[in-house]
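Heavy-atom basis, side chains included; hydrogens, waters and symmetry copies ignored.
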Amino acid sequence: MIRNDIRNIAIIAHVDHGKTTLVDQMLRQGGVFRQNQQVSERVMDSGDLERERGITILAKNTAVHYGDIKINIVDTPGHADFGGEVERVLKMVDGVLLLVDSFEGPMPQTRFVLQKALGLKLPVIPVINKVDRPDARCDEVLNELMDLLIDLDADPDTLDHPVVYASARKGTATLDLNVPGEDLRPLFETIIKYIPAPEGEAEGPAQVLISTIDYNDYVGRIGVGRITRGTLVDNTMVVRCNATTDKVSPPWRLTGLSLYDGLKRVPAEKVGMGDIVALTGLADISIGDTVCDPALPEPLPFVAITEPTVTMTFSVNDSPFAGKEGTYVTSRHLRARLYRELETDVSLRVKDGETPDQFEVCGRGELHLSILIETMRREGYEFQVSKPEVIYQVNNGHKQEPIELMVADVPQAYAGAVIEKIGRRRGTLENMGGGDRVRLEFLVPSRGLFGYRSEFMTDTRGEGVMSAVFDHYEDYKGDIPHRNVGALVASETGDATQYALYYVQERGSLFISSQTSVYEGMIVGQNARPGDIPVNVCRAKHVTNIRNASASEDSLRLVSVHPLTLEECLEFIDDDELLEITPKNLRMRKRVLSHEQRMKNWARTRSMNT
């Protein structure tokens, strides 16, 4: 049977190429919103972190109607660290829209997601977005996109698909650049014509592959997937099975069926082959499970998810301020939260560490792990993490490390500085081209990019754009210096004073301001030179009998205070340091808090090496 009344598509692209903005306009022109309804921009980015950072973190489902046809749409993340979200939702759709910026062209994540879509034999409709940009270069971008499709061995049918030129912000599309678009009808019609309708057995035993997990406080876990065979009826018995474990659960009763319509889930009594449906009723349903009719429990294979490349150690906070600001502070709370994240994030790996208070957490990149850290922090968890490290492999006795494809788009005047810095980080320049703005392509060890983004923005005066995606494993490239400056480390416990900080700032830049509570071993600033310096930031001015002497402290101005964000803290800390995370504060600290003990350890290590 072919369901001609349905089309299932995913929108894939590199970050900031306009996926969520295009979905906004498709919803608006698909009649989801009233004519005069006020709707916020990027309505699909519903999470607080997504709105704050302006990126999509989780893949989300929606649906619009064009004539008599329902188009189920999956909005996917564009950042490489959330590529696992893209990989798993591709099993729900019959085709993809590939968005490419009319100026930037294909970027590393564009290649990654396109390769996954072609690997599943999904039809691809190229969409060149932002054609209204003054610096748009549509013809060149089209050639680059065709070269990429040929390089990835796309089938001839994909190469013959028409290219849609769109302006997501204006809500227009056209198939001919010389004919300005008026609305998105050309895009809708292209989807209906070139994305195949769902096809399968309509009367066989029901079969649903779960690709996404949602949660509701009232009904618990909600499994979202596509019905590949048969019909599901609400309040009937089903079983859960998995192709990896070969286990079949006892029968359980469906307590709810929902279909997507616009931004809502609409309850349904009966759903059929080709529908994307949300199921409730089973507490421990997971991504990759297959929900089947008890008469024929056949698990479907799930897509192979790319393995993580970065690891960090999460541990219970043991600083002098431990337990003062967090709600969940014990190893039991931390362990339960991390393992619960595995149920919804297929790219994450968690295992117990060397001690009961430590856990090894592996992810796709620094941003992937920092989003998890920030989410836990806002939920009231208090813990500490180590410096991010890459995951090495051993192949034929050779130690290998992950290599990333990095693309930098910079003004020509700053290209030399970028090439020099990447060269120091064991990167190699693979390609270079462009005019006033130069596009540089490097192959760089993943660890070489730790802490580089801030340097890159400084070197390019904020005008550069860089992105990177995992490419392959290669033999170990050698040592890479992580940090060429030291830290200013507090030597006393107490509250920082303006008087003490004024004189400490001469040694470097500060991370804290006056009246901040500090403890011995806490990092309060960056030394301008290599090596750590213990400093007393709690020292108060001596009392004298001179009138208004205390008021003179108000004239001491701090000119170099720069509080670090979570990502900047993760980039700054070294092997002998930790980041303490609480709902209210981020504190960098030494693993060994006592300066005297650190000196003894250093002397002992030096004597052993000599």
Side-chain angles (χ1 to χ4, degrees), residues 1-14 19 59 61 69-78 80 83-100 106 108-127 145-164 187 189-202 204 207-212 224-230 243-244 273-276 287-288 290 298-307 346-347 469-471:
M1 175 184 173
I2 298 177
R3 287 282 303 270
N4 285 314
D5 59 332
I6 292 179
R7 298 292 187 275
N8 297 320
I9 65 166
I11 301 182
I12 59 176
H14 188 77
K19 299 179 301 301
N61 295 76
I69 296 178
K70 180 181 180 181
I71 303 176
N72 289 310
I73 304 171
V74 184
D75 182 24
T76 64
E85 292 283 314
V86 183
E87 292 177 75
R88 61 183 174 84
V89 300
L90 291 179
K91 294 290 285 185
M92 283 197 294
V93 299
D94 299 299
V96 297
L97 298 185
L98 177 69
L99 258 67
V100 180
Q109 182 68 359
T110 310
R111 183 185 186 92
F112 174 81
V113 295
L114 179 58
Q115 189 171 21
K116 294 297 180 183
L118 294 177
L120 294 173
K121 306 298 183 183
L122 294 176
V124 178
I125 295 179
V127 180
L145 185 56
M146 290 298 110
D147 290 341
L148 177 59
L149 287 167
I150 294 171
D151 188 39
L152 295 178
D153 295 328
D155 57 65
D157 290 340
T158 297
L159 297 174
D160 290 339
H161 287 172
V163 178
V164 181
L187 177 62
E189 291 169 0
T190 303
I191 291 172
I192 292 169
K193 183 176 180 180
Y194 291 97
I195 299 297
E199 185 175 352
E201 295 182 47
Q207 193 179 43
V208 184
L209 179 63
I210 302 300
S211 300
T212 304
V224 180
R226 174 183 168 184
I227 301 181
T228 56
R229 184 181 64 197
T244 305
M273 185 276 300
D275 283 321
I276 293 179
I287 293 172
T290 305
E298 286 184 346
L300 291 168
F302 194 59
V303 63
I305 303 297
T306 307
E307 290 297 313
V346 295
S347 301
V469 66
F470 169 74
D471 193 74

Do [X] and [Y] have side-chain heavy atoms sitting under 4.5 Å apart?
| X | Y | value |
| --- | --- | --- |
| R226 | N8 | yes |
| T228 | L300 | yes |
| I287 | T212 | no |
| L99 | I11 | yes |
| T76 | V89 | yes |
| L145 | L98 | yes |

Do any side-chain atoms of residues 189-199 form donor-acceptor pairs under 3.5 angstrom with protein atoms, and if so which ones, sequence neighbours left out?
from: E189; atom 1: OE2; to: Y66; atom 2: OH; distance (Å): 3.2
from: T190; atom 1: OG1; to: P186; atom 2: O; distance (Å): 2.6

Can you list, pair by pair, the side-chain donor-acceptor contacts under 3.5 Å of residues 113-127, counting residues two or more places apart and other chains?
from: K116; atom 1: NZ; to: E87; atom 2: OE1; distance (Å): 3.4
from: K116; atom 1: NZ; to: T306; atom 2: OG1; distance (Å): 3.4

Closest approach of A10 to V93 (non-hydrogen atoms, all atoms of both residues): N-CG1, 3.8 Å
Derivation of the side-chain contact (heavy atoms from CB on, under 4.5 Å) call for R7 and N72: CA-CA 6 Å; R7 298 292 187 275; N72 289 310; over 6 Å; no
Salt-bridge criterion met for D275 and K70 (N-O under 4.0 Å):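 Not counted as a salt bridge, because no side-chain N and carboxylate O are separated by less than 4.0 Å.
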Quick check for you: to the nearest 0.5 Å, what is the distance between [X] atom [atom1] and [Y] atom [atom2]?
| X | Y | atom1 | atom2 | result |
| --- | --- | --- | --- | --- |
| F112 | L152 | CZ | CG | 12.0 Å |
| I210 | M92 | CD1 | CE | 9.5 Å |
| L90 | I12 | CG | CD1 | 6.5 Å |

Salt bridge (Lys or Arg N to Asp or Glu O under 4.0 Å) partners for E298, two or more places apart: R229
For R88, all residues meeting salt bridge (Lys or Arg N to Asp or Glu O under 4.0 Å), sequence neighbours excluded: E85
Contacts of type ring pair (Phe, Tyr, Trp, His ring centres under 6.0 Å), residue F470, not counting sequence neighbours: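 Ring pair (Phe, Tyr, Trp, His ring centres under 6.0 Å) list for F470, sorted by chain: Y473.
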Worked check of side-chain contact (heavy atoms from CB on, under 4.5 Å) between V224 and N61: CA-CA 9 Å; V224 180; N61 295 76; 4.1 Å; yes
Side chain to side chain donor-acceptor pair (under 3.5 Å) pairs, two or more places apart, involving residues 146-161: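 Every side chain to side chain donor-acceptor pair (under 3.5 Å) pair that includes a residue of residues 146-161, provided the two are not neighbours, is R111-D151, D155-T158.
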